[in-house]
2 protein chains.
Amino acid sequence: MNAIPTVYDVAERSGVSIATVSRVYRSPDSVRAATRERVLAAAGELGYVPSGNARGLASRSTGVLGLCFPDYSDPDTLDAEDDDAAMLYSDQIIRGMERAARRHGYALLIAASLEGGPENLVAQVAGRVDGFAVMARTVPTAELEAISRRRPVVMLAGPRAKDPSLDHLDHVEVANEDGQYELTRHLVHDHGLRHLAYVGLVDESPDVEARFRGFRRACHEAGIEAAAAPALRMPMMTQAEGARAAHLLCEGDGDRPEAFVFANDQMAVGALQALERHGVRVPDDVVVTGFDGIPLSRLVRPALTTVRQPMVRMGEEAVDLLVRRLSGQPPEEPVSLMLPVGVVRRASCGCDEATTPSTATPSTTTG
Amino acid sequence: MNAIPTVYDVAERSGVSIATVSRVYRSPDSVRAATRERVLAAAGELGYVPSGNARGLASRSTGVLGLCFPDYSDPDTLDAEDDDAAMLYSDQIIRGMERAARRHGYALLIAASLEGGPENLVAQVAGRVDGFAVMARTVPTAELEAISRRRPVVMLAGPRAKDPSLDHLDHVEVANEDGQYELTRHLVHDHGLRHLAYVGLVDESPDVEARFRGFRRACHEAGIEAAAAPALRMPMMTQAEGARAAHLLCEGDGDRPEAFVFANDQMAVGALQALERHGVRVPDDVVVTGFDGIPLSRLVRPALTTVRQPMVRMGEEAVDLLVRRLSGQPPEEPVSLMLPVGVVRRASCGCDEATTPSTATPSTTTG
DNA sequence: TTGAAAGCGCTAACAT
DNA sequence: ATGTTAGCGCTTTCAA
């Protein structure tokens with residue numbers, strides 16, 4: 001692992017100037033074929049690869065896009081196998097971004113921010129890319145605000161209006177409110193339920209709030225006395241907390257809700273486990289729903305009724321937005337996209353179809 | 001989006017030298033608190049973030065590791081939902097690498113190589129990272145050989161000895177041969193099958209070859225006349241090809257094998273579909289097995305007996321290897337790791353347990 | 001078509 | 001504790 005070869009080494013070995021070496025890579029046509037051959041040959045022999053750093057520095061652009069995402073790994077998921085199944089948000093967004101980035105000729109730099117980790121994580125990313133996407137609440141607002149003044153940042157799944165200092169960012173979110181509204185409406189309308197308990201989050205989360213609004217709206221419209229706040233707010237949205245929520249809801253005051261409407265799938269899954277242990281049957285005794293549409297939601301029994309979010313697409317949209325900003329004609333105004341979601345009716349709400357996927361194409365009913 | 005601020009701007013604004021600005025970020029303690037505050041304040045107001053490029057250039061290290069992987073997306077998987085379920089190899093490796101990289105303070109740069117795409121993809125990655133991992137057969141050998149002479153590269157899942165020009169690379173693979181051997185032995189020994197057909201790949205793939213060796217060894221040991229070559233070699237390992245293979249095997253010469261042993265899960269899944277369409281029952285009429293342990297293998301019905309590869313772990317090991325090479329005391333010799341695999345017995349071979357996962361913890365029998 | 005030279009923004013001695 | 005000063009490896013005018 002000797003010194004890494006540079007343009008100078010290649011230039012010397014092929015008897016040209018460093019400018020020519022550079023040209024061979026940047027605009028091959030501007031160099032005579034014979035010269036090009038010689039340079040390329042020398043480069044090959046030396047194992048030369050242009051330094052992305054130097055290139056970026058000299059040309060002020062890196063050809064790399066970034067993504068900051070929270071370290072979502074659910075500590076409750078100890079089983080490696082479950083871990084596999086629970087393909088996370090971030091994986092899907094990564095997939096979407098990588099694909100789109102590649103289409104546009106960019107590479108993708110990813111970094112997960114561990115809770116309370118070094119704040120400079122963003123900086124680490126921001127300093128190395130032409131633009132980047134941030135999953136909501138991954139990055140300290142102040143820091144993000146400062147950075148985003150100088151280079152394109154798109155916010156994912158987050159609070160568009162929430163923070164006015166960030167309202168100049170492009171933004172992609174999913175129709176949380178509408179999705180939860182549709183799902184709730186399904187419970188009320190199609191299943192005739194009247195007594196629903198919503199389980200949210202202690203911390204303020206724009207997504208969770210929006211979902212709750214959808215829930216409440218559906219209740220209102222059905223003439224159900226909808227609480228102004230969730231029945232329960234948990235400190236984290238993990239399986240363990242979901243289980244705990246199920247406990248609390250059951251041991252309440254004897255009069256158990258007909259449905260537990262969870263703000264995400266992880267909690268709902270935890271609840272299913274807890275309920276099974278307690279001999280409470282789903283959906284016969286109580287209906288359970290989630291939100292997200294993680295793969296695990298389809299694997300559990302009963303399969304979970306939920307709202308699917310198009311996360312891969314979100315990644316793609318994010319990249320398209322960034323590329324647009326980076327291009328000659330960036331939109332003047334900040335762009336805000338709201339991607340549609342779909343209610344997935346499965347067994348946990350009493351829709352029994354598609355419970356046992358047939359060979360190779362486990363299908364679900366989307367409504 | 002005005003000019004991006006630099007150390008000079010921050011220095012000027014806070015009335016210090018650029019060296020001090022640099023110190024504030026590199027070794028905060030070497031700067032008086034008051035000064036530090038002023039610098040940080042100025043930086044904040046300016047929206048300053050240290051340029052990763054300049055940093056990398058000056059310090060000759062980027063703090064980034066890379067991964068090149070093939071664009072595995074199976075074109076047969078048109079359904080977005082299946083796509084979700086089929087968490088791919090690459091996703092798992094990315095997960096593993098990202099985690100491990102973060103533990104070591106590195107970020108991760110990922111780039112998929114589209115078949116026949118620009119070869120400079122590797123260069124794009126190689127030029128921006130301190131070291132990187134390459135999934136086998138992603139990158140032209142010559143290019144890789146040259147690059148790997150100058151910086152650490154670890155080969156994933158590939159042909160260790162295959163290419164002598166690459167035998168100086170660190171290398172992580174899974175026990176393909178042993179895994180297929182164990183699985184085959186299970187079929188022969190526990191299920192008493194004697195007539196097995198192995199379905200491989202036309203192209204030479206070290207992994208597939210290794211698996212076939214395991215298959216053959218198990219046959220030999222059981223006194224079964226094992227063909228020197230796979231019963232069938234398909235051009236690609238997709239679901240469509242798996243279905244085609246099933247056809248061919250069924251319509252052979254009337255005497256159908258008792259088991260179809262596929263070189264990967266995708267093909268096996270395709271075969272399951274085809275067999276169902278033809279009214280051939282699995283496992284009653286014919287046993288089907290796969291290899292990989294992709295999530296989809298558990299979702300299909302009958303659930304697929306297969307061999308699970310620890311891909312997340314592979315990603316972690318790769319990073320550990322890279323970090324080791326980058327550290328002060330790199331091992332002298334190239335390191336080669338072989339990760340153990342596990343046979344997963346499910347319904348498609350006649351092991352009926354664990355076919356219907358119970359709530360939240362779909363379990364499988366690992367043997 | 002090719003070369004010379006001036007940076008790009010930062011780090012790392014070396015001074016002070 | 002802070003400032004000065006070379007580079008780091010490349011791109012990019014400007015000349016030739």
Side-chain angles (χ1 to χ4, degrees), chain A residues 2-39 42-43 46-64 120 123-124 126-130 147 150-151, chain B residues 2-40 42-43 46-64 120 123-124 126-130 150-151:
Chain A
N2 272 325
I4 288 181
T6 74
V7 267
Y8 292 97
D9 303 314
V10 178
E12 185 178 354
R13 184 166 188 125
S14 52
V16 299
S17 74
I18 63 164
T20 299
V21 175
S22 177
R23 288 194 189 98
V24 167
Y25 290 91
R26 306 293 304 167
S27 46
D29 303 325
S30 73
V31 175
R32 204 178 2 144
T35 316
R36 200 191 316 140
E37 299 307 319
R38 262 190 308 146
V39 171
L46 291 167
Y48 167 77
V49 175
S51 151
N53 282 333
R55 244 151 126 131
L57 187 51
S59 64
R60 307 106 206 298
S61 88
T62 64
V64 178
N120 48 6
Q124 221 213 4
R128 320 200 69 83
V129 302
D130 293 337
I147 293 175
R150 315 327 288 228
R151 37 161 105 343
Chain B
N2 274 324
I4 288 180
T6 74
V7 266
Y8 292 96
D9 302 314
V10 177
E12 186 178 354
R13 184 166 189 126
S14 53
V16 299
S17 74
I18 62 165
T20 298
V21 175
S22 177
R23 287 197 190 94
V24 167
Y25 290 90
R26 304 292 305 167
S27 47
D29 303 325
S30 71
V31 176
R32 206 182 354 150
T35 316
R36 201 189 317 140
E37 299 307 319
R38 264 189 307 143
V39 171
L40 254 13
L46 259 27
Y48 167 77
V49 174
S51 152
N53 283 332
R55 246 151 124 130
L57 228 206
S59 63
R60 302 107 200 296
S61 86
T62 63
V64 178
N120 49 4
Q124 223 213 358
R128 321 202 67 84
V129 301
D130 293 338
R150 317 323 296 223
R151 46 176 115 271

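Atoms considered below: every heavy atom in the structure, side chains included; atoms not considered: hydrogens, waters and symmetry mates. Residue numbers begin at 1 in each chain, while the letters A, B, ... track the order of the sequences.
- Distance CZ (B:Arg55) to P (D:dG9): 18 Å, rounded to an integer number of Å.
- Taking CZ from B:Arg60 and OG from A:Ser51, the interatomic distance works out to 10.5 Å, rounded to the nearest 0.5 Å.
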- May I have the step-by-step check of side chain to side chain contact (heavy atoms under 4.5 Å, CB included) for A:Asn53 and A:Arg128, ending in yes or no? CA-CA 9 Å; A:Asn53 282 333; A:Arg128 320 200 69 83; 3.3 Å; yes

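- Taking each heavy atom of B:Val39 and B:Val16 in turn, the nearest pair found is CG2-CG2, 3.9 Å.
- One interatomic measurement links the two molecules: OH of A:Tyr25 to P of D:dG9, which rounds to 15 Å at whole-angstrom precision.
- Formation of a donor-acceptor pair under 3.5 Å by the B:Arg38 side chain with backbone atoms of B:Ser14 is found in this model.
- One can place CG of B:Asn53 at 13 Å from C1' of D:dT11, the figure rounded to the nearest angstrom.
- Looking at every heavy atom in both residues, A:Ile147 comes nearest to A:Ala126 through CG2-CB, 3.9 Å.
- Distances shorter than 4.0 Å separate some side-chain N or O of A:Ser22 from OP1 or OP2 on D:dT11.
- By the side-chain hydrogen bond (donor to acceptor under 3.5 Å, both in side chains) test, A:Thr62 is found to be paired with A:Asp130, residues two or more places apart in sequence or in another chain being considered.
- Pairs passing the salt bridge (charged side-chain N to carboxylate O under 4.0 Å, His left out) check and including a residue from residues 9-28 of chain B, sequence neighbours excluded, read B:Arg13-B:Glu45.
- For B:Asp29 and D:dT2, the CG to C1' distance is 15 Å, given to the nearest whole Å.
- Heavy-atom distances under 4.0 Å link DNA chain D to A:Ile18 of residues 9-18 of chain A, given in residue order.
- Atom pair B:Arg60:CZ and D:dG7:P shows a separation of 11 Å (rounding to whole Å applied).
- Put simply, CZ on B:Arg150 is 15 Å from C1' on D:dG9, counting in whole angstrom units.
- A donor-acceptor pair is defined here as one N or O able to donate and one able to accept, closer than 3.5 Å; no such pair exists between the side chain of B:Thr35 and the backbone of B:Val31.
- One end of the helix from C:dT1-D:dA16 to C:dT16-D:dA1 points its axis 30° away from the other end's axis, with each axis taken from 5 pairs and the angle rounded to 10°.
- In this structure, A:Pro5 and B:Arg150 approach most closely via the heavy-atom pair CD-CG, 3.6 Å.
- Residue order along DNA chain D, read from the 5' end via each residue's closest nucleotide, puts B:Ala58 first among B:Ala58 and A:Val21.
- Ring centers of A:Tyr25 and A:Tyr48: under 6.0 Å apart, within the cut-off.
- With A:Arg36 contributing its side chain and A:Ser30 its backbone, the two residues share no donor-acceptor pair below 3.5 Å.
- Here the closest heavy-atom approach between residue B:Arg55 and residue B:Pro50 is recorded as NH1-CB, 2.7 Å.
- Protein chain A contacts DNA chain C from C:dT1 to C:dG9, reading 5' to 3' and using non-hydrogen atoms of the protein with a distance under 4.0 Å.
- B:Tyr48 comes within 4.0 angstrom of sugar-phosphate atoms only, judged by non-hydrogen atoms across all strands, and of no base.
- Contacts of A:Arg23 with the nucleic acid, taken as non-hydrogen atoms under 4.0 Å apart, include base atoms.
- Using a 4.0 Å cutoff on non-hydrogen atoms, the parts of residues 30-40 of chain B near DNA chain D are B:Ser30, B:Val31, B:Arg32, B:Thr35, ordered by number.
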